[in-house]
K.L.:
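Submitted below is the structure of interest, expressed as structure tokens.
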There are 2 protein chains.
Amino acid sequence: MSLTDKAIAQIRDLIQSGDLPPGSKLPPEQELAAQLGLSRSLAREAVKALSVARILEVRRGDGTYVTSLQPGLLLESFSGAVELLQAHPGALLELLEVRRLLEPVAAALAAVRISDDQLAELHGHLDAMRDSRDDVELLNRHDAAFHHTIVAATGNTTLTAVLDAISGRTLQARIWRGMHDSQSAVRTLTEHEAILGALSQRDAPLSQAAALLHVSNTEKWLREHLRTEQPAAG
Amino acid sequence: MSLTDKAIAQIRDLIQSGDLPPGSKLPPEQELAAQLGLSRSLAREAVKALSVARILEVRRGDGTYVTSLQPGLLLESFSGAVELLQAHPGALLELLEVRRLLEPVAAALAAVRISDDQLAELHGHLDAMRDSRDDVELLNRHDAAFHHTIVAATGNTTLTAVLDAISGRTLQARIWRGMHDSQSAVRTLTEHEAILGALSQRDAPLSQAAALLHVSNTEKWLREHLRTEQPAAG
DNA sequence: CGCCGGTATACATCACATGTATCCGGCTCC
DNA sequence: GGAGCCGGATACATGTGATGTATACCGGCG
């Protein structure tokens, strides 16, 4: 174990123990290095590693601070890991399976917690998707926003961050590009309408079923598509 | 955006594009720094950040390599993030809610995929828990192994890594310590028996229900316990 | 087959130069 | 006389270069 790794562990422990609460300022590089008992370069490496993980935030010319440590922030690194996971063959289908398990139950929970404002927001995204059948990029964005809003309606920021990450912007973009030509896009729209209808009635089981149907169809589409365009699945 | 951040992004892109496949060796520090167009110190910071995220692996005196990029490896950093999340008030209950949503459906999936060997392994852990009612540490370990084996029976390594992370070693240890005195430990055992019984029959809905009951009870216990020992919840 | 040294590599430190944000005093304008 | 603006001083992170140390791999020698 290198000195830098020890330094990282020390700083992490200070945060976890409460000695460095969220938002607090770390000593200057020189002092920090002295306290950790190593050179400035190594202290810099430790700080860099922690700031990439969104645990520390460096403000040039000012100082280094502990971030808010909120789930959405810390799980950004998780999102980055998922992006790289897609390079690993098979991980893509695993990822989609996790989503197939999690998103329906999240929708069910959202059904009993969603507010009228959030329902209106979902309506807005759905309308926008109908209007923008020609613009794949815009379509993709509203689709992602639609699903994000549903999960966010659970009020669970950790759950939201996890699902956002495994939904994967890159992956979704690929799917939408592939589906654009076919009639799948139309079916997807009706699936969204079914989900929104169930949520509007605050019907948890129905919401869960509609979400499961949607994700399963997406998964099925991708599974078939991966077989045909094998070479592009890098 | 600092030069180091750019360097990190560049290396990540090289990996994601397939130019640096898993297991491949990076050029020596000097060459790497030259290729990225910066000093060796900054290249070292970039490599350090990526190796902390388990994307690169440094072998001293040998060289720097891309890891296998397997889900279990990359999601170790996710696990680390979860540990720090527990410092954030409220995140603990959010985390448990995610587990309450995910673990039952994972159990249902495991019910249709679990092998006889894995069922035998579960029996082993359950027996071990019965025998070690006095040793909290051992009890905790077999409990964790029990849940891990169930999720692993789904064959989905990504799902396994995610659930392992949110189950949280630290958190579970706290719960077991708190429950040891009370009669809750006995009830927990019977809940485990119910889950294993359902899995043995390959009954997916029953397994899901049993798992939900177990996690919900754990969540309920923690929720009540957090209220009583407010000061210690740091 | 085993030891032994050379070479390549990462590890760690130090000194120095640069860019940038914050703070504070003095000045100007109202 | 007071409020607002400007500029220098200061503190800090950013980035570079040189240097020595520790470790792993490999080939030659006994």
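Numbered from 1 within each chain, the chains take letters A, B, ... in sequence-line order.
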K.L.:
Can you pull every protein N or O that's under 3.5 Å from an N or O on nucleotides 22-24 of chain D?
P.N.:
| residue | atom | partner | partner atom | Å |
| --- | --- | --- | --- | --- |
| D/dA22 | O4' | B/R60 | NH2 | 3.1 |

K.L.:
Any chance the side chains of A/S167 and A/D164 put a donor and an acceptor closer than 3.5 Å?
P.N.:
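The answer is no; no qualifying pair exists.
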K.L.:
Rounded to the nearest 0.5 Å, how far apart are CG of B/L139 and NE2 of B/H125?
P.N.:
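If we round to the nearest 0.5 Å, B/L139:CG and B/H125:NE2 are 13.0 Å apart.
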K.L.:
Would you check if there is a donor-acceptor pair between the side chains of A/S2 and A/D5 at a distance under 3.5 Å?
P.N.:
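Note: A/D5 and A/S2 side chains meet the donor-acceptor criterion.
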K.L.:
Atom CD of B/E45 to atom P of C/dC11: distance rounded to whole Å?
P.N.:
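Rounding to the nearest Å, CD of B/E45 and P of C/dC11 are 13 Å apart.
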K.L.:
Should we say atom CZ of A/R99 is surrounded by more than 12 heavy atoms from elsewhere, each under 6.0 Å from it?
P.N.:
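Count over threshold, so yes.
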K.L.:
For D/dC12 and A/T64 - does any side-chain N or O of the residue sit under 4.0 Å from the phosphate oxygens OP1/OP2?
P.N.:
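False: A/T64 side-chain N/O out of range (4.0 Å or more) of D/dC12 OP1/OP2.
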K.L.:
In Å and rounded to the nearest 0.5 Å, what is the OG1 to NZ distance from A/T4 to A/K48?
P.N.:
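If I round to the nearest 0.5 Å, the distance is 14.5 Å.
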K.L.:
Can you tell me if B/E94 and A/T157 form a side-chain donor-acceptor pair at under 3.5 Å?
P.N.:
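Judged by distance alone, the side chains do pair up.
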K.L.:
Go through residues 37-44 of chain B and report each residue with a non-hydrogen atom lying under 4.0 Å from DNA chain D, sorted by number.
P.N.:
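Contacts with DNA chain D under 4.0 Å: B/L38, B/S39, B/R40, B/S41, B/L42.
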K.L.:
Taking the side chain from B/S132 and the backbone from B/L138, do they hold a donor-acceptor pair closer than 3.5 Å?
P.N.:
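Absent.
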K.L.:
Between A/H214 and A/H147, does any side-chain donor sit less than 3.5 Å from a side-chain acceptor?
P.N.:
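Side chains of A/H214 and A/H147: pair found under 3.5 Å.
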K.L.:
Which residues within residues 21-36 of chain A lie with some heavy atom under 4.0 Å of an atom in DNA chain C?
P.N.:
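Result for residues 21-36 of chain A: none.
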K.L.:
Is the closest side-chain donor-acceptor distance between B/H192 and B/D143 under 3.5 Å?
P.N.:
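Distance-only check passes for B/H192 and B/D143.
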K.L.:
How long is the line joining CG of B/L3 and P of D/dG17, in whole Å?
P.N.:
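Nearest whole value for this atom pair: 12 Å.
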K.L.:
Using a 3.5 Å distance criterion without hydrogens, assess whether the side chain of A/S115 forms a donor-acceptor pair with backbone atoms of A/Q118.
P.N.:
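It does hold such a pair.
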